[in-house]
J.: 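Below is one structure. I have some questions about it.
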Amino acid sequence: MKKLKNIVVIPLLLAVLLTVGCIKDPGVDLSQATSSKTENSTVVNQSTETTDYNGLPRYIPGTIKPMSESFWESFFPFPHERRFIYYTIPNCYRDLLTNEQWAEWDTLPNRYPIDVWNETGKLIDEMVLVTLIKHFHISKAAFEQATKEGVDTAIQLEKDLFHEYSELPNVDILYSFDNEIVNQYYRAE
């Protein structure tokens with residue numbers, strides 16, 4: 001049971017570090033992470049290397065398990081160049097807006113990738129969450145809190161935060177508001 005707890009705690013701690021944007025060292029490479037258990041806490045030691053993201057964390061290929069092609073074919077009938085999180089709004093962000101704001105969101109043209117694909121035959125060039133944040137001027141602090149709550153909920157529901165379907169966004173990457181960085185970070189493998 002203790003070994004199972006360690007197997008669960010270590011990946012979840014890494015997910016929290018990636019997702020909530022707690023990693024301040026720009027070159028953190030989580031594929032080289034090791035951990036050691038002390039009496040009441042888990043310590044993560046990380047190796048570093050440089051990054052192209054001006055101090056922002058870098059996505060490490062292979063970290064997120066991809067969804068099946070059959071999922072994409074069934075639910076997103078357009079070519080996908082980015083991971084699932086790029087095209088969606090996870091439930092943990094629902095409370096960031098009022099019902100009136102969600103109603104406004106639903107009236108905006110081209111707010112979802114399927115709308116853009118159906119109307120233009122082109123892929124979106126901005127992550128849906130970035131568009132939402134910019135349109136409603138959502139503070140980084142509020143978004144970070146919603147992400148933390150999303151991580152907590154995922155842990156309670158025993159979701160795999162390293163699977164594309166359950167992935168939560170990296171707050172620092174989103175709040176760079178640099179589509180080139182965001183698009184590179186969320187590219188499909």
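Worth saying up front: this structure is predicted, and the values here are computed from it rather than measured. In what follows, every heavy atom counts, from backbone to side chain, and hydrogens, waters and symmetry copies are set aside. In this chain, residues are counted from 1 in sequence order.
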J.: At their closest point, which heavy atom of Y186 faces which heavy atom of N170, and how far apart are they?
T.: OH-N, 2.7 Å

J.: May I ask you to decide if P61's main-chain N or O and E189's side chain share a donor-acceptor pair within less than 3.5 Å?
T.: no

J.: Does any non-hydrogen side-chain atom of I85 lie less than 4.5 Å from one of I64?
T.: no

J.: Can you give me the closest heavy-atom contact between P66 and E164, atom names plus distance?
T.: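 Smallest heavy-atom distance, with atoms named: CA-OE1, 3.1 Å.
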
J.: Go through it in stages, so that I can follow the logic: the residues are C92 and T147, the test is side-chain contact (heavy atoms from CB on, under 4.5 Å), and I'd like the CA-CA distance, side-chain angles, deciding distance and then a yes or no.
T.: CA-CA 7 Å; C92 60; T147 303; 5.7 Å; no

J.: Could you tell me which non-hydrogen atom of L96 sits nearest to which non-hydrogen atom of Q101, and how far apart they are?
T.: O-OE1, 4.2 Å

J.: Let me confirm one number: the OH-CG distance from Y185 to D172, rounded to the nearest 0.5 Å.
T.: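 These two atoms lie 9.0 Å from each other.
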
J.: Is the number of heavy atoms from other residues, nucleotides or ligands under 6.0 Å of D106 CG greater than 12?
T.: yes

J.: Salt bridge (Lys or Arg N to Asp or Glu O under 4.0 Å): which pairs involve residues 74-97, sequence neighbours left out?
T.: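 Of all non-adjacent pairs touching residues 74-97, those that pass salt bridge (Lys or Arg N to Asp or Glu O under 4.0 Å) are R83-E167.
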
J.: For Y59 and I173: C-alpha separation, side-chain torsions, deciding distance, then whether side-chain contact (heavy atoms from CB on, under 4.5 Å) applies.
T.: CA-CA 10 Å; Y59 171 71; I173 295 293; over 6 Å; no

J.: If I take atom OG from residue S166 and atom CE from residue M67, how far apart are they, to the nearest 0.5 angstrom?
T.: 9.0 Å

J.: Cut-off 3.5 Å, side chains only: do E180 and Q184 have a donor facing an acceptor?
T.: no

J.: Short question: side chain of E144, backbone of V171 - any donor-acceptor pair under 3.5 Å?
T.: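 No.
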
J.: For N183 and Y86, run side-chain hydrogen bond (donor to acceptor under 3.5 Å, both in side chains): C-alpha distance rounded to whole Å, both residues' side-chain angles, the deciding distance at 0.1 Å, then the answer.
T.: CA-CA 8 Å; N183 292 350; Y86 189 88; 2.6 Å; yes

J.: Suppose the criterion is salt bridge (Lys or Arg N to Asp or Glu O under 4.0 Å): which pairs have a residue in residues 68-79, not counting sequence neighbours?
T.: none

J.: Please answer whether the main-chain N or O of D178 pairs with a side-chain N or O of S176 as donor and acceptor at a distance below 3.5 Å.
T.: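 Looks like yes, one N/O pair under 3.5 Å.
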
J.: Among V128, I124, V130, L129, find the one that has a side-chain contact (heavy atoms from CB on, under 4.5 Å) with E126.
T.: V130

J.: For Y165, enumerate each residue passing the ring-ring contact (aromatic ring centres under 6.0 Å, His included) test, keeping only those at least two apart in sequence or located in another chain.
T.: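 With neighbours one apart ignored, the set is F84.
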
J.: Working to the nearest 0.5 angstrom, can you tell me the gap between L168 CG and L161 CG?
T.: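 Between atom CG of L168 and atom CG of L161 there are 6.0 Å.
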
J.: My understanding is that only residues two or more places apart in sequence, or in another chain, count here; which of them pass ring-ring contact (aromatic ring centres under 6.0 Å, His included) with H80?
T.: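 Result, ring-ring contact (aromatic ring centres under 6.0 Å, His included) vs H80: W72.
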
J.: Taking side-chain hydrogen bond (donor to acceptor under 3.5 Å, both in side chains) as the test, write out the residues that go with T107, two or more places apart.
T.: none

J.: For S74, what residues pass the side-chain hydrogen bond (donor to acceptor under 3.5 Å, both in side chains) criterion, not counting sequence neighbours?
T.: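 If we apply the side-chain hydrogen bond (donor to acceptor under 3.5 Å, both in side chains) test to S74, skipping adjacent residues, there are no hits.
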
J.: Go through L132 and M127 one step at a time and tell me if the side-chain contact (heavy atoms from CB on, under 4.5 Å) criterion holds.
T.: CA-CA 9 Å; L132 183 82; M127 188 172 180; over 6 Å; no

J.: Working note: Y93 + F143, criterion side-chain contact (heavy atoms from CB on, under 4.5 Å); need CA distance, chi angles, decisive distance, verdict.
T.: CA-CA 8 Å; Y93 302 108; F143 197 87; 3.4 Å; yes

J.: Can you give me the closest heavy-atom contact between T131 and W105, atom names plus distance?
T.: CG2-CH2, 3.9 Å

